[in-house]
Amino acid sequence: MTAAAQELLVGASADFLRRFSPFNRMEPEALDFLAQRAVLAFHPRGSAILTPEMGQPRHFFIVQRGKIQAQQWGATTVTEYASMTLGPGECFPIGAISAQRPSTNAYIAVEDSFCFQISSDQFLELMQMSPVFHLFCTQYIASLLNQSRQQLQTSFAQRAAEQQTMTTQLGQLVKKAPVFVAPETPTRRALEEMAAQHLGCMIVADDDQRPLGILTQSDLLPRVVLAGFDLSLPISEVMTANPHQLPATASAYDAALEMATHGVRHLLVIDSDGRLKGVVSERDLFSLQRISLRQIRAGIESAHDVESLQRASRDIRQLALNLIAQGIGAEQLTQFISALNDALTRRIIDLALYTHNLYGIDYAWVAFGSEGRHEQTLSTDQDNGIIWQCPEMEDASQVRRRLVAFAREVNENLANCGFPLCKGNIMASNPELCLTLEEWKGRFGDWIREPDPQALLNASIFFDFRVLYGNERLGDQLRQWLNRTAKMNSAFLRMMASNALQVVPPLGRIRDFVVEDDGTIDLKKSGARLFVDAARIIALRTGVESSSTVQRLRQSAVRLGVPTEEVAAIIDGFHFIQLLRLRSQHLETEHDSPGDNRLDPDKLNELDRRILKEAFRQARKLQLRLKLDYQL
């Protein structure tokens, strides 16, 4: 082919591409790159252009003429369509080439068709060359994220509906085996049993466990105490006969209606043979309706003891499930959890202050680590400390002892409310973490001047702090001092960057993921931490005062001139990993179990696997920036 003919063909290809998005917005040199390398190939009707069996795609295709049908392969649905027809200007397979894995679709020519094609390597080169094309592909990944979120919502909504709505069957609300006595039981013995087991009512049943009557606490005053009832008489003489009852298959709505209609507070639940299965109280039904943000918050603020706060803590966990079911993203969800946990911690501190007089002491209760970043998941230990200033004419050692005693009560009550004591003793009750402002500056300064491995580890925990209670100015002063000091010490930041790069994203060259011996990935250690560490370093370098990973990334990006879409893709990746952690913690494990943050990628559906891989690619991109910034 002559040079002139070649030039004509390239020009014709470019003219065709300019008719379609995103090629019509592509930079001239990138469009020229594409047009020069695009090869036009013919695909007769009925031929398979690409199928999953062909393995990792070697080409990226752009339909020039004809129709190509994309049809999902296998039993698992990974996109919102089962089949879709592609026409001129449309292209495929973006996700498979980006993720370097086989396509999940089969692409068949449904009529005689022509497609431009470039190699996979050229596709990746084009992505790096053209911000427009890169954004187009990134948005494609973002659309997959939305689809994944919808799948997750459906799953959680189903569980939420099963677990906590007023359509819940009464059989599921019964948590304990029924306690009952025979009708001839002396009333005194029945009342003793009620008191021993903290029951709101006593059921009377026959030998076949069929209910005959009920005696409630509200019956005791008018029928027993004021009436001077002889407690040696059988309970059958004072009980309410023919108690209200509903089958186990009735709903919570049915029970609420029955209670409202007849003015009763307890209903007996029976099985299909009429035998007693349990009791549902008005409180049980109320608990189904009270788990809202406002009501939990009100419950926390009005709590007068730790027991009330324990209930609120359980409600916070349940609310998280509701919020996921409603489609709340990971960022908002962790913020909700943090906000409610903050309120709960503040109330615990308020209660402790009733017994510990700290009047005249200027102090701040500080949260570290994930709590300090507003990124608490559902399985978070305590990490806290105190900043204080010694009042004039006071003995500092005496003040510290008073603060430590106060902190010990707060730490213990937090543990009672579901925040386990920190195994590393990073708690305010540790005198080493109950320091004056000057002592904290000295501690931080030591770590910055001599950044040995332990100092770098400490920095990764303690530099993420915020004030939860007390004088916020103490935290602000420490933050401003820290940012100034760290920014001036480039060697320290370089060592932090080097340390952050010790863990790499678990992406494999042959398989999608590099897993540990048990076949899982630790989403905290090998996932979220990569984003958190990088964001902390960039924030210190740019002087961003926020302790939140996402805000650090956003605010630093502005100061560094990083494109909005680039940082948005990184944040999307971080949020997806956080969402997987929350899902794992909420549905599959108890707190602090070995599986808290572990994920078997083989158990993910194909869509989530693709997005997780993209999330790790974003972490790798963030680490690449650190490497370039610090020449590592």
Side-chain angles (χ1 to χ4, degrees), residues 156-176 197-200 252 255 278-326 328 332-352 367 370-371 375-382 384 409-422 468 581-593 595-596:
F156 274 76
Q158 186 177 355
R159 291 180 67 94
E162 289 170 353
Q163 292 181 12
Q164 57 189 313
T165 71
M166 290 297 284
T167 60
T168 303
Q169 291 190 345
L170 295 183
Q172 296 176 34
L173 292 181
V174 174
K175 303 299 181 189
K176 295 193 300 187
Q197 299 206 36
H198 305 288
L199 300 175
V279 180
V280 170
S281 69
E282 196 177 41
R283 174 181 290 186
D284 294 329
L285 300 184
F286 177 66
S287 69
L288 295 179
Q289 305 173 76
R290 68 187 163 85
I291 304 176
S292 71
L293 188 62
R294 182 179 58 79
Q295 286 160 325
I296 293 176
R297 186 65 184 255
I300 290 171
E301 290 173 354
S302 63
H304 292 290
D305 50 43
V306 175
E307 289 71 26
S308 303
L309 293 172
Q310 286 174 327
R311 285 195 294 276
S313 178
R314 289 193 292 271
D315 288 347
I316 292 171
R317 195 177 179 88
Q318 188 62 59
L319 176 67
L321 176 61
N322 295 0
L323 293 176
I324 295 175
Q326 292 164 21
I328 302 293
Q332 294 86 354
L333 184 57
T334 50
Q335 286 175 348
F336 274 130
I337 294 171
S338 289
L340 290 174
N341 286 344
D342 284 357
L344 189 140
T345 302
R346 290 186 184 113
R347 189 59 190 152
I348 285 175
I349 291 174
D350 280 337
L351 294 179
S370 61
E371 190 179 8
E375 291 160 12
Q376 280 182 293
T377 60
L378 297 163
S379 184
T380 304
D381 291 345
Q382 293 186 49
N384 44 55
E409 181 171 332
V410 175
N411 287 146
E412 288 170 358
N413 285 337
L414 281 170
N416 290 331
C417 287
F419 301 94
L421 298 173
C422 175
L468 265 182
R581 289 180 65 200
L582 285 163
R583 184 169 66 177
S584 173
Q585 292 172 7
H586 210 313
L587 293 183
E588 294 158 16
T589 67
E590 294 298 325
H591 178 87
D592 210 24
S593 73
D596 258 4

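Hydrogens, waters and symmetry mates are skipped; everything else that's a heavy atom, side chains included, is used. Just so it is clear, the structure is predicted and the values come from calculations on it, not from any experiment.
Residues passing the salt bridge (charged side-chain N to carboxylate O under 4.0 Å, His left out) test with E301, sequence neighbours excluded: R297. Residues meeting the salt bridge (charged side-chain N to carboxylate O under 4.0 Å, His left out) test with E375, sequence neighbours left out: R373.
Note: C417 SG to R347 CZ = 12.0 Å, rounded to the nearest 0.5 Å. We find the CZ-CD1 distance between R311 and I316 to be 13.0 Å, quoted to the nearest 0.5 Å. To the nearest 0.5 Å, atoms CG (N416) and CD (E307) are separated by 8.5 Å. Atom OG of S313 sits about 7.0 Å away from atom CG of N341, to the nearest 0.5 Å.
Counting all heavy atoms, side chain and backbone alike, L414 lies closest to I348 at CD2-CD1, 3.6 Å. Closest heavy-atom contact between A367 and L468: CB-CD1, 3.9 Å. Closest of all the heavy-atom pairs between I349 and V410 is CG1-CG1, 3.9 Å. Across all non-hydrogen atoms, the minimal contact from V174 to G278 is CG1-CA, 3.8 Å. The shortest heavy-atom contact between A303 and L351 is O-CD2, 4.2 Å. For the pair Q382 and A415, the tightest heavy-atom approach, listed with the atom from each and the gap, is NE2-N, 3.4 Å.
Judged by distance alone, with hydrogens and angles left aside, the side-chain atoms of E371 form no donor-acceptor pair with the main-chain N or O of S338 at under 3.5 Å. A donor-acceptor pair under 3.5 Å is formed between the side chain of S302 and the backbone N or O of A298.
Counted by atom type alone, D342 and T345 present zero donor-acceptor pairs between their side chains at under 3.5 Å.
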Would you check, one step at a time, whether the test side chain to side chain contact (heavy atoms under 4.5 Å, CB included) holds for N411 with F419? CA-CA 9 Å; N411 287 146; F419 301 94; over 6 Å; no
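The closest side-chain heavy-atom distance from L309 to I300 is below 4.5 Å.
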